[in-house]
Every structure is written in C-alpha cells, then in structure tokens.
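Below is one structure, written out as structure tokens; the observations come after it.
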Number of protein chains: 2
Amino acid sequence: MTPRADTDTATRILDVAERLVQVRGFNAFSYADVAAELQITKAALHYHFASKADLGSALVARYTGDFIDALEGIDRTDGSAMQKLEHYAELYCSVLERRRMCLCGMLAAEYQTLPTGMRDSVLAFFDRTEDWLAEVIEQGCDDGSIRAAGSARDTARLVMSCLEGALLVARPYGDVDRFDAAASNLLRTLTPAPPTSIRRPAHSAKTRSAASVV
Amino acid sequence: MTPRADTDTATRILDVAERLVQVRGFNAFSYADVAAELQITKAALHYHFASKADLGSALVARYTGDFIDALEGIDRTDGSAMQKLEHYAELYCSVLERRRMCLCGMLAAEYQTLPTGMRDSVLAFFDRTEDWLAEVIEQGCDDGSIRAAGSARDTARLVMSCLEGALLVARPYGDVDRFDAAASNLLRTLTPAPPTSIRRPAHSAKTRSAASVV
DNA sequence: GTCTATAGGCAGATAGAC
DNA sequence: GTCTATCTGCCTATAGAC
C-alpha cells in the first residue's frame, strides 16, 4: 500500500525536513526541496502538512519529545550528576557530528520570522531542557559531584547557553574538537575534581544510539 | 545634493540591512524591505550593492571592523583582564538590549546557505575575536585576575561560545536578565575572587557609546 | 494519497530613461 | 544616483482528477 513498507510518508517528510531545517534553517528550505528528495510532489506534502507552519510545529513537537526521551534515558543510567551532564553534552556533540545545528537553536536564531504557533514551542523546548538540567545540577550539588557558583537554575541556563553557542560557532568550522574543548572546559569549571574527556574513549553503541535521536 | 546631508546612502543602506539581518537573518530580509524603509527603489540599492552577496560581505566587513574597534577601545581602558572580559560581555549585552543577535552569530546559524564569499569573513570575525580574548585571558592568568582551567585559547573559545549562545537563547525570551545571569555566572567561574555584576551599577556614557557600535 | 496544473505573490537582478 | 518597467524564477498554497 505505502510506497515503502518500513516508514510512512509523514515520518519520512519529517525526517528530511528536520535535517534541512537543522542544516539550512526554517527560512531556507522549501516544500520543493523535501518533495525532490522524497520523489513526491509538493501537493502530496500539503496533504500531510497543510502549511509550512504546520510542518514546522510538527518538527518542533517531535524533536522536543525525542530530546526529552533522551534525557530520561540519561536519568536511567543512574550515573553521577556530572556523568549525566557529560551524556547531555554528548547529545549536542552527536548533532554536530552530523553537521547540524540543534533544531531549536536554529529556530531561536530565526525566532522573529517564525510562524507564531512555533514560537511558544521553541521556548518550551528550552524550558524543559533547563528544568532537567536544573534538577541534575541540584542533585550534583547534593551528592558533591558538581560545584556550582550560582543557583542551580542559573547554572542550568549557563550550561544550555554554552552548549548551544558552542554548536553555533563550531559548526561553520566543521570542527568537532572545537565543540569538545568548549564542552569539557565548561564541565571542568563545574567539577570539584577534573572530569574525564566527554568524547574519548569512544562511546558504547547504546550511548551512540541514544544520542542520534536528536 | 544627497537626500540627507548627515549620512550618505550607502551607509544608511548598511544601517538598515544590518539591523534586519541581526533581527530576521540574512535569508529573511529582502532588498524590498530595505528600499521601503529608506523610501528608495530596489534599483537604487543595486546601484550601491550590485548583489545581495555584495551587501552581505560589506555588512560583515563593517561589523567586524566596528567590533575590533570596540575591543581596542576596551584595551585602552587599562583595566584588569577580568574587567576587560566584563566590558566584552557588555558589548553582547548591548546587542541584546536592541533586540538583536550578534550579526556573525546569526550568519553562523545560516552558514550553509551563505554566499561563499561571506563564509570566510564570518569565520574571520570569530578568529579575531578569539585572538583578542586569548590575549586578555593570557594576561589575566599572569596578573592573577583570571583563573583558567584550560589553555588561554580554549578558554577564549569557551567564553565566546558561551556569550554567543546566551544571546541566541535569551533573545527569544526578550529577557536581558537571562543573558546577564549566564554572563556573570561564566565570568565568576574564571575569577579567583567573585567579580562585580557586569551590568549594575549603571555604566558610564562613554562605555555605553562604545558598546552600541556593534 | 498522490497526481497535474495553476494561481498569486515575492525574490534578486537588469535595461535604459532621466 | 535614482527612477520605471520588466524579466525570470521560486515560493506557498489550492483545485480537482485519479
């Protein structure tokens, strides 16, 4: 029935559109780009997502859900708070390795031109990420694996901003080491004792798999 | 002779285009937008800047020059290295107060879609900023006003990435305090003794003037 | 669900008058 | 230097057949 049995059309549309937005931005991709890549027509796209705003909102919703799932996966590892932060940084690193920007980081840059329905969703992504970070940092201050100079909330904002910015700047250079250095340098400032590097030695297959969802 | 005696047309074009790129992005502004605001025609714009790529390159060149000028102005204040970092953070804060993104931070997000002639210029902006920061941090490690966990170069990259990211995230919230908290929290991690807040008390008129050039 | 065909608009850019 | 007029192309979106 479906052209390809493994994945339905709506999902394949989201996959392609997500990559295009993360690489080019919401304002720099078109229905024609997605249609050409999937070898369907623009009209078929409009059947699944009536407007570009609808497609954009679906992208943010799915991305946020996948990201939260990844964060909950990190929680289940039962590592120290600092180890959780290292896993969190790996999520961003895996985005850069695929030559992408964080979807919501990209949309934050384009915020003023976004359809209004997308704006609150982008902020919600940051809010939920920040909530998770604040909880981890709070936990780390208690168990002694993290030493925060400010409040847990402010430190969470610092960490998130720093990784978003490291992604933003490192990507044009195509330099993963540049991101790694910033991330590990940041986490070192939050560590009573210096943490191990966040990328070497190589990660397990499970960790990689979890990281690639975003 | 000129429509307005105080500023020539090319400069007014750059002023408007710069703001539009910082607010909306390079891909989300048009010659029509600039022309309408200046009440001239698109054809007149093409006389001054033959192509959008030319206009974009001119924007980056001017912005970089102004930014370097501001950094050199900071050098002339003869404050401590930490005070120089605080002034540096104020430059970014003043961008946010005008509801803008750093021009080159915005272009970094759009990097993959930029005319090739603009790309190297964007990286050059980051390189030169990073060089300045590395020198200041080196100086601070010597005079004892800065305690860096990693190398001066890596710390410079951390600081720049962090402020770019704080700008990226805080702007959609329209929340200057969110940026301030991240910036002062960052600088606190680099301080042997806690620094004063980077925004309060109010700055001198001279400092504000220097900050608004970017 | 996917197609063809097309509407209506805006993009960047150019020619040539003044 | 600035204008009018226009070109070509791409954009989002819709109508209606299959």
Side-chain angles (χ1 to χ4, degrees), chain A residues 1-21 23-60 106-107 110 112-119, chain B residues 1-21 23-60 106-107 110 112-119:
Chain A
M1 193 69 75
T2 50
R4 283 158 65 176
D6 55 336
T7 318
D8 68 10
T9 302
T11 299
R12 284 187 291 137
I13 292 169
L14 288 171
D15 289 342
V16 171
E18 182 178 84
R19 191 188 72 249
L20 289 173
V21 174
V23 171
R24 302 173 54 84
F26 188 76
N27 291 318
F29 92 101
S30 69
Y31 271 40
D33 295 328
V34 179
E37 193 157 338
L38 294 177
Q39 292 181 289
I40 57 177
T41 61
K42 291 184 289 176
L45 282 186
H46 279 285
Y47 170 80
H48 293 281
F49 301 97
S51 72
K52 199 180 176 185
D54 290 335
L55 174 55
S57 292
L59 284 174
V60 177
M106 179 66 83
L107 297 178
E110 300 178 290
Q112 294 294 332
T113 69
L114 293 183
T116 51
M118 292 178 66
R119 296 190 190 181
Chain B
M1 192 70 76
T2 50
R4 282 158 66 177
D6 54 336
T7 317
D8 67 10
T9 302
T11 300
R12 285 187 289 137
I13 292 169
L14 288 171
D15 289 343
V16 171
E18 182 178 85
R19 191 188 72 248
L20 289 174
V21 174
V23 172
R24 302 173 54 83
F26 188 76
N27 290 319
F29 92 101
S30 70
Y31 270 40
D33 295 328
V34 180
E37 194 157 336
L38 293 177
Q39 292 180 291
I40 58 177
T41 60
K42 290 188 291 176
L45 282 186
H46 279 285
Y47 170 81
H48 293 282
F49 301 97
S51 72
K52 199 180 177 184
D54 291 335
L55 174 55
S57 292
L59 283 174
V60 177
M106 179 65 83
L107 297 178
E110 300 178 292
Q112 293 294 333
T113 68
L114 293 182
T116 51
M118 291 178 67
R119 297 189 190 181

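No side-chain heavy atom of Glu110(B) sits under 4.5 Å from any side-chain heavy atom of Met118(B). With contacts defined as side-chain heavy-atom distances shorter than 4.5 Å, the pair Leu55(A)/Tyr31(A) qualifies.
Between Lys52(B) atom NZ and dG12(C) atom P there is a gap of 4 Å when expressed in whole angstrom units. One atom, CZ of Arg12(A), and another, C1' of dG1(C), lie 12 Å apart when rounded to the nearest Å. The CZ-P distance, from Phe26(A) to dT12(D), rounds to 9 Å in whole Å. In this structure, Ile13(A) atom CD1 and dT12(D) atom P are separated by 14 Å, rounded to whole Å. Protein atom CZ of Phe49(B) is 16 Å distant from nucleotide atom P of dT14(C), rounded to whole Å. Between the CG atom of Leu55(B) and the P atom of dA11(C) there is a distance of 14 Å, given to the nearest Å. Asp8(B) has its CG atom 9 Å from the P atom of dG1(D), to the nearest Å. One can place CG of Asn27(A) at 16 Å from P of dC10(C), the figure rounded to the nearest angstrom.
In this structure, His48(B) reaches the dT2(D) phosphate: one of its side-chain N or O atoms is under 4.0 Å from OP1 or OP2. Listed pair Thr9(B) / dT2(D) meets the phosphate criterion, a side-chain N or O lying under 4.0 Å from OP1 or OP2. The side chain of Thr41(A) places an N or O atom within less than 4.0 Å of a non-bridging phosphate oxygen (OP1 or OP2) of dC3(C). Residue Ser51(B) places none of its side-chain N or O atoms closer than 4.0 Å to OP1 or OP2 of dG12(C).
Of the listed nucleotides (dG12(C), dT2(C), dT12(D)), dG12(C) has the atom at the smallest distance from the side chain of His46(B). Closest to the Tyr47(B) side chain, of the nucleotides dC3(C), dA13(C), dT2(D), is dT2(D). Of the candidate nucleotides dA13(C), dA13(D), dA15(C), dA15(C) has the atom lying nearest to any side-chain atom of Ala43(B). Side-chain atoms of Tyr31(B) lie closest to dA13(C) of the nucleotides dA11(C), dT12(D), dA13(C).
Side chain to side chain, Asp54(B) and Ser57(B) fail the donor-acceptor criterion of an N or O pair below 3.5 Å.
The ring pair (Phe, Tyr, Trp, His ring centres under 6.0 Å) test applied to Phe49(A) returns no partner, not counting sequence neighbours.
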Inset, instruction - Take Ser30(B) and Asp33(B) through the side-chain hydrogen bond (donor to acceptor under 3.5 Å, both in side chains) test and state the conclusion after the steps. - result: CA-CA 5 Å; Ser30(B) 70; Asp33(B) 295 328; 3.3 Å; yes
